[in-house]
2 protein chains.
Amino acid sequence: MAVNKIPEKKSQRREAARQSLREEILAASRDIITQEGFAALTMRKLAERIGYSPATLYLHFRNRDEIAHAVSRTGYADLLKTLSSITEKDRGKPADRLRSLAKAYVRFGLENPQTYALIFMEDPAYLAAVFAEPAEDDPAAACYSLMLAATGDLLAAGMRPPKAGKPARAVTAVELTESLWASMHGIVSLKLTCPAFPTAPADLLTEVLIETMLRGLSAATAKK
Amino acid sequence: MAVNKIPEKKSQRREAARQSLREEILAASRDIITQEGFAALTMRKLAERIGYSPATLYLHFRNRDEIAHAVSRTGYADLLKTLSSITEKDRGKPADRLRSLAKAYVRFGLENPQTYALIFMEDPAYLAAVFAEPAEDDPAAACYSLMLAATGDLLAAGMRPPKAGKPARAVTAVELTESLWASMHGIVSLKLTCPAFPTAPADLLTEVLIETMLRGLSAATAKK
DNA sequence: AGTATAAACTGAACACTGTTTAGTGAACAT
DNA sequence: ATGTTCACTAAACAGTGTTCAGTTTATACT
């Protein structure tokens, strides 16, 4: 029947245009989200900004959530960049690295409120998907690995974590990482949804948290 | 002119009916929210459930947010009831009381997900209002006082909190309370928005958090 | 009693939202 | 030149919160 006589050249052009428009949609979405928040990302507004009709958006994305999903990915990539810039330059003690990481995490949240709100508070499907079937190249998974490595190093440096669970046993690096992460997330998310509530500034709360926990972890070991 | 000939009796009846309908609206709202979440609380659905037209709702509440606000209040009252049931019966050491409070807080969030999401994640205006001009009888403010008292007792019992801030100084009870609260909130809110992410169960994370922090606070004091 | 007045209530509309579908026009492959 | 495929859009659908003119009902006064 029909012989595919190398239609790749032309198809490539089409495909390139497709990708280009797709990226344009995502760029506009990022703009709107970072400026006005995820709720302000309406399909009509987005379509108008890129000069197409709303229906066109559905030729490139299944629905609004899929756009959020794609934007989330770059959000996690941004977070990863922030965190890895810490681990790369900080070659000091594990405790100091964790301190820096915590501060950087919270600062990222406060400096990119709309992005943080999207990836951790409004698009839970992304995180859920990552932990449902872990992908190697996912930026969110990379963030997790990075944090896990930091607490792992801390424990390996001779810390004695408290016991927990039933029956009581030593806390694992995973549990410690997730406790820390959740705590940092609490500081950020609370500040983002209600700037008035934690009356103390976020960076101070972070310091209190990390210092107290570090002391709690090193309590059993000899000082200095 | 017209003499107001004691129209109070009749007015009272009217007023009673008004209040009754108002309460009916709120009861229906609570039902919908606890069952389907705040997003499912639409004015039309709410109106239909109580047998009135949507426009009637606006005779009793300025808008949907005001309904959320009223429902939030009872949500905080519920939380307060949970927390104060702890402080009343627990006459043990401050550390144990704080342990119980933390567990109860997290449990409340997980057992009343829609309510928790409403009062801490979807209706920030309420908390903002409380901390803008503190009202004595507000249940949210009472929750705060309760937690503050617990950490205050803990510090008074001889704990030596770590130093923080610039210049470094001893952490205050307020800062410690808010750090703890934010951390617990992080555990709850993360679990609610994404059950998959903190892979460890919430109560275990809570235990890790509270045990580590307690050790961090008592690190400088003699053991036992 | 009847009547004036005030309160309660509603139908219908407005301006939005995400999403679908039928139909048009242009670019491509043969 | 023709048949096919792809890109695109206007219009509609079913929702949303909210407003307002108009109607019904209950109260107040003579």
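Protein chains get the first letters and strands the later ones, always in sequence-line order, with residue 1 at the start of each.
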Note: [X]-[Y] ion pair, threshold 4.0 Å (strictly below):
X: B:E36; Y: B:R49; value: yes
X: B:D137; Y: B:R73; value: yes
X: A:D203; Y: A:K103; value: no
X: B:E207; Y: B:R99; value: no

Validation row: B:F131, A:T199 side chains within 4.5 angstrom (heavy atoms) |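 A side-chain contact exists here, since the closest heavy-atom pair is under 4.5 Å.
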With a 4.5 Å limit on heavy-atom distance, are the side chains of B:T82 and B:I86 in contact?
->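 No, their side chains stay 4.5 Å or more apart.
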Whole angstrom is fine here: how far is it from [atom1] in [X] over to [atom2] in [N]?
X: B:L46; N: D:dT16; atom1: CG; atom2: P; answer: 12 Å
X: B:L57; N: D:dC20; atom1: CG; atom2: P; answer: 17 Å
X: A:Y58; N: C:dT19; atom1: OH; atom2: C1'; answer: 5 Å
X: A:I50; N: D:dT9; atom1: CD1; atom2: C1'; answer: 13 Å

Atom CD of A:E136 with >12 non-hydrogen neighbours under 6.0 angstrom =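 Check fails, neighbour count at 12 or below.
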Return yes when atom NZ of A:K81 has more than 12 non-hydrogen atoms of other residues, nucleotides or ligands closer than 6.0 Å, and no otherwise.
->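 12 or below, so no.
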For DNA chain C, which residues in residues 63-75 of chain A have a heavy atom at a distance below 4.0 Å?
->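 Per residue number, the list reads A:N63, A:R64.
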Counting only non-hydrogen atoms, which of residues 22-39 of chain B are less than 4.0 Å from DNA chain C?
->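 Contacts with DNA chain C under 4.0 Å: none.
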Drop me the distance from B:R30's CZ to B:L41's CG, to the nearest 0.5 angstrom.
->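 Reported value, rounded in 0.5 Å steps: 11.5 Å.
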Do B:Y105 and B:Y116 meet the criterion of a side-chain donor-acceptor pair at a distance under 3.5 Å?
->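 Yes, B:Y116 and B:Y105 have a side-chain donor paired with an acceptor closer than 3.5 Å.
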Would you mind building the protein contact string for nucleotides 8-16 of chain C? One character per nucleotide, 5' to 3', B for base within reach (heavy atoms under 4.0 Å), S for sugar-phosphate only, - for untouched.
-> SBBB-B---
